[in-house]
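What follows is one structure encoded as structure tokens, with my remarks underneath.
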Amino acid sequence: MTELPLRTIGRPDRRIDAGEKVSGRAVYTTDIDLPGMLHAKVLRSPHGHARIRSIDASAARAMPGVHAVLTRDETAAIPMPVYGYFIKDQPIVATDKVRYEGDIVAAVAAEDEGTANRALAAIRVEYEPLPAVTDIERASDPDAPELFEKPPIGIVPKYGQGASGELRPRRNVCYRFSYETGPADAFAECDHVFEDVFHFSRMHHLHLEPFVCIADWSREDRIELWSSCQNPFPVRKEIARIFGIAENRIAVRVPYIGGGFGSKNGCKTEPVALALSRLAGRPVRFCLTLEEGFLTNTQHAAILKVKTGVMADGTLVARESEILLDSGAYSDGSPLVAEKAGYRIPGPYRYRHIKTDCYCVMTNTAPAGPFRGFGGTQTSWACESQIDMIAHRLGIDPYEMRRKNLIDLGEPFVPGESGMDSDLREGLDLVVRELGYRRRDELQSDGPVKRGMGLAIGFKDGGGVNKPALARVKVSTGGDIFLQCGTAEIGQGAHTALSAVVAERLGADRSRVRYMPVDTDHTPFDQGTNASSAISVMGQAVDRAALSARRQILDFAAEKLGCPADELDLADWEIRRGNEAHALAPMIMGHFGGTGWEFVGEGFHKAKNSHAAPLEAPCVFWEIGWGGAQVAVDTETGQVTVEKLFVTGDAGRAIHPLVCRGQDEGAALMGLSQALFERMIYDGSRLVNGDALTYRVPLADDLPADFRSVTQEQGHGPGPFGAKGMGEGGMLPVASAIANAIHDAVGVRITELPLSPERVLAGLAAKNGDR
Amino acid sequence: MPERLDPRFDLSFSLNGAPVGMATTTATTLADLLRERRDGRGTRLACERAVCGACTVLVDDVPRASCSVFAFEVGGRNVRTVEGLSDGGDLSPVQAAFADNSAFQCGYCTAGMILLTEALLAREPDPDDATIRDWIGSNICRCTGYSLILEAVRDAARRKRETAS
């Protein structure tokens, strides 16, 4: 291709969903209704842990307007009525036991939600309460109550060099991931070995569109499902397995998704809705309330024990870690999160020895699963806090400590991995400049309010493990472009970015591209919209599909014009040859007669498998979030005010700059909120703030006075035009940057989130007491 | 059919400038009433507790969480929803500012944010940053980190002033 100026890539044109979203016309799953559609509601356990003695739903079944009631009596006839990612341990409705407050015990489909709720109130359940376990450090004690007496069905994926996994390694642990590289005796050579423990809080995604699906199984041999889900193909596979139905009988359709942040991976509402639809012989809408969302999926609280060996000059040598993740009552995505947390805990630094064990600990709380950052938020919190702590202990500036140990551009993270695809020092220096970090001594004052600054570098392998992606680009006789691929539009702007790639390759305005509805019957296979993979993984498949269509169009024109294809270019649905322009539509009509034609380009991408890579395939790209904060700490009240927050990611190439910015800033605010206040509060097995009023999320007036982001374009990404993924990196550095800034301001180190006034005051009291 | 616990009655009000009349029930919320109309689904429900503001509509130009307003409360009043902002398909200056500034991601809060902005700019055509933060701070956006929304509000104010002058 000749190097022409780009017409679409890098331009902040309106997103392709802008018109629909600002005018209220965008269609979400919540907007769909079908003729004869019923409404589902579920009965949830009031106990954290209990055996079910009996369920009497006869009164509910007899109520007018009730069309189906689902209890363990009905699910007993379903071939495999359990689901989960690696471990199939979550029942569609509870069978022998309930394992958390909110566990689903029964479901009703009725004419409307009110009738369904009244029917639920008529179901009598007799429970035998059991002791609950909620402390992940005590869950493996021999006398701890056990969630699963018998092992559920599960698998351990194939791992590569140095990595391993194990099901049920100990009591109430559903999965362990371990990784080791380099000689363990490296610790013996260290001048210092530091061991620190970090506690990480638990958030709920609080996506505004609730968990919702519309399930139609009114015909025996056909399932139609509209779902607010991030991964329709894995959901289709899971449904096929649960109900014993062939995948080509199941259509999963994904309209616009009103936010997910990880929670909408895997089955959530779908199995209940389908089972009810089959029983009722009518379509069923199952829409959870926002409060039920808290009981459906959460982030992983964690305890991270980190042991790091260093030389006196600050050179990192060895790191051993033990991570306990609070997985809640069912495994959901926990084994995958464990894999990632266990793998990411070293951070973006060079070591001679790394060893990690990460455990998924089951508790009688809501199931935890994927959450933006996917284990990387937990590990960045611990790693970037400890780097600062070690720097201070050694009397080295935290900035210098980082610079000394960062992996170089192109250097593999660990043996067998792909090379680092961002210049980490360049990003760090950008933060230092933007924050004014070198002038932070000027912030010192004698008053009760002290100021300080902190830095952090969040780090994760991006793009998912072993993700295949397929895409199809069709071009009609008139030059209308159809893009078919499975990436869901969940707000991240993927439909805009992927359409821009196609438009650029085909020399067309972006408005000529239509992103076709995601429908597993027609859309090429895809593993899911997650892991910041849209542009980095699907983008490569889309790019190849577009280039294939382009090649076919040029070859066709070359034959018609009797010249080599490499003399031709494609722009605005004309073939350009020097100063000549040949309209394609008449050329195609002339060749194919009145019927017209479609050029169809297919594209495929999958990272190459390699047993040398610990996770069996080298990482697609490295997602880095650099961050810096300036705080003011009121030493009288403990109040922390974040005055400046600066984050920067590396988009490789920003396909759409405003979309990139929105991803980094949205992620950063989630990080800020977790750092300062946002968290799920449990009292034993009871969630005490599971509603919009008492669960505090950030609002516009929580923004730091100076809140900025910069999207770097270092150009080393694997995606089209050098792009890398975005969306998670901005969250990763924020909590540790703020904790580091608090330490810089008042010399108090807080190792537990949130960084509350109580903890600051306790730290100040302990520090003053020591004097 | 189940027995209705809530009595039916006839309701009339002005919706986006046009008179509407319909039979509804005393227990029906304004949000449900709007969403039952095929052209009313731009009003979105999220928390249903008058906290998040996703379902914000204007009742006599005052922003209200329609999830927590009974339909009967709007009898005889003027209700404006996102569907009423576009003039014959042309976006309003506020909508255009949100579109051009990418002041949305998933889009679920967007109608509420836009109506909030319409109400703000109707009262204060040139609001300062603190006022904008204060107003936008009454609704939840979980995606954007708010900065792009704040920029869109400032941009919308400029556009409206330019249109007016």
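In what follows, chains carry the letters A, B, and so on, assigned in the order in which the sequence lines appear, proteins first and then strands, with residues in each chain numbered from 1. Model, not experiment: these values are computed from the prediction.
- Salt-bridge annotation for A/E111 and A/R282: present, with a side-chain N of the basic residue lying under 4.0 Å from a carboxylate O of the acidic one.
- Contacts of A/P657 with chain B are absent, with no heavy-atom separation under 4.5 Å from either backbone or side chain.
- Ion pairing between A/R285 and A/D33 fails under the 4.0 Å rule for side-chain N and carboxylate O.
- Residue with the most contacts toward chain B among A/Q663, A/M63, A/H207, A/R25: A/Q663 (heavy-atom pairs, distance under 4.5 Å).
- For the atom pair A/L206 CG and A/L290 CG, the distance stands at 4.5 Å (nearest 0.5 Å).
- A/Y515 and A/E489 form no side-chain donor-acceptor contact under 3.5 Å, judged by distance and modelled atom types alone.
- Looking at B/I140, both its backbone and its side chain come within 4.5 Å of chain A, counting heavy atoms on both sides.
- Between chain B and the options A/E20, A/R15, A/H656, A/E665, the largest number of non-hydrogen pairs under 4.5 Å is found for A/R15.
- Using modelled atom types, one finds no donor on one side chain facing an acceptor on the other under 3.5 Å when comparing B/E48 with A/T289.
- Contact of A/A705 with chain B is made through the backbone alone, with heavy-atom distances under 4.5 Å.
- Classified by interplanar angle (parallel below 30°, tilted 30° to 60°, perpendicular above 60°), the ring pair A/F294/A/Y695 is perpendicular.
- For B/I149, no part lies near chain A; criterion is any non-hydrogen pair under 4.5 Å.
- At a 4.5 Å heavy-atom cutoff, the contact between A/I257 and chain B is made by backbone atoms alone.
- Both the backbone and the side chain of B/R41 have a heavy atom closer than 4.5 Å to some heavy atom of chain A.
- Defined by atom type and a distance below 3.5 Å, a donor-acceptor pair is missing between the side-chain atoms of B/D134 and B/T131.
- Using cut-offs of 30° and 60° on the angle between ring planes, the pair A/Y28 and B/Y108 is perpendicular.
- For chain B, the nearby part of A/E291 is the side chain; its heavy atoms alone come within less than 4.5 Å.
- Only the side chain of A/M670 comes within contact range of chain B, judged by heavy atoms closer than 4.5 Å.
- Interface remark: A/L693 contributes backbone and side-chain atoms alike to the contact with chain B (heavy atom separation under 4.5 Å).
- With a 4.5 angstrom heavy-atom cutoff, B/V51 touches chain A only via side-chain atoms.
- Of the residues considered (B/N101, B/I132, B/T144, B/D39), B/T144 shows the highest number of contacts with chain A, using heavy-atom pairs under 4.5 Å.
- Of the listed residues (B/R44, B/M113, B/R35), the one with the most heavy-atom contacts under 4.5 Å to chain A is B/R44.
- Between the side chain of B/R37 and the backbone N or O of B/L33 there is no donor-acceptor pair closer than 3.5 Å.
- Within the 4.5 angstrom heavy-atom criterion, atoms from both the backbone and the side chain of A/L699 approach chain B.
- Residues A/H205 and A/Q299 bring no donor and acceptor atom of their side chains to less than 3.5 Å of each other.
- Side-chain atoms of A/T8 do not come within 3.5 Å of backbone N or O of A/A500 as any donor-acceptor pair.
- Contact count versus chain B (heavy atoms, under 4.5 Å) is highest, among A/G662, A/S673, A/G293, A/S709, for A/G662.
- The local environment of CZ in A/R11 is sparse, with at most 12 non-hydrogen atoms from other residues, nucleotides or ligands closer than 6.0 Å.
- The greatest number of non-hydrogen atom pairs below 4.5 Å with chain B, out of A/G259, A/A110, A/G491, A/S23, is found for A/G491.
- Of the residues considered (B/T43, B/L85, B/L91), B/L91 shows the highest number of contacts with chain A, using heavy-atom pairs under 4.5 Å.
- Side chain of A/K41 to backbone of A/C287: a donor-acceptor contact under 3.5 angstrom is found.
- The most heavy-atom pairs under 4.5 Å with chain A, out of B/N139, B/T81, B/D100, come from B/D100.
- The candidate with the highest count of non-hydrogen atom pairs below 4.5 Å against chain A, out of B/C141, B/G137, B/G42, B/A50, is B/G137.
- Chosen from A/I490, A/V27, A/T30, the residue pairing most often with chain B at heavy-atom distances under 4.5 Å is A/T30.
- Heavy-atom distances place both the backbone and the side chain of B/A96 under 4.5 Å from chain A.
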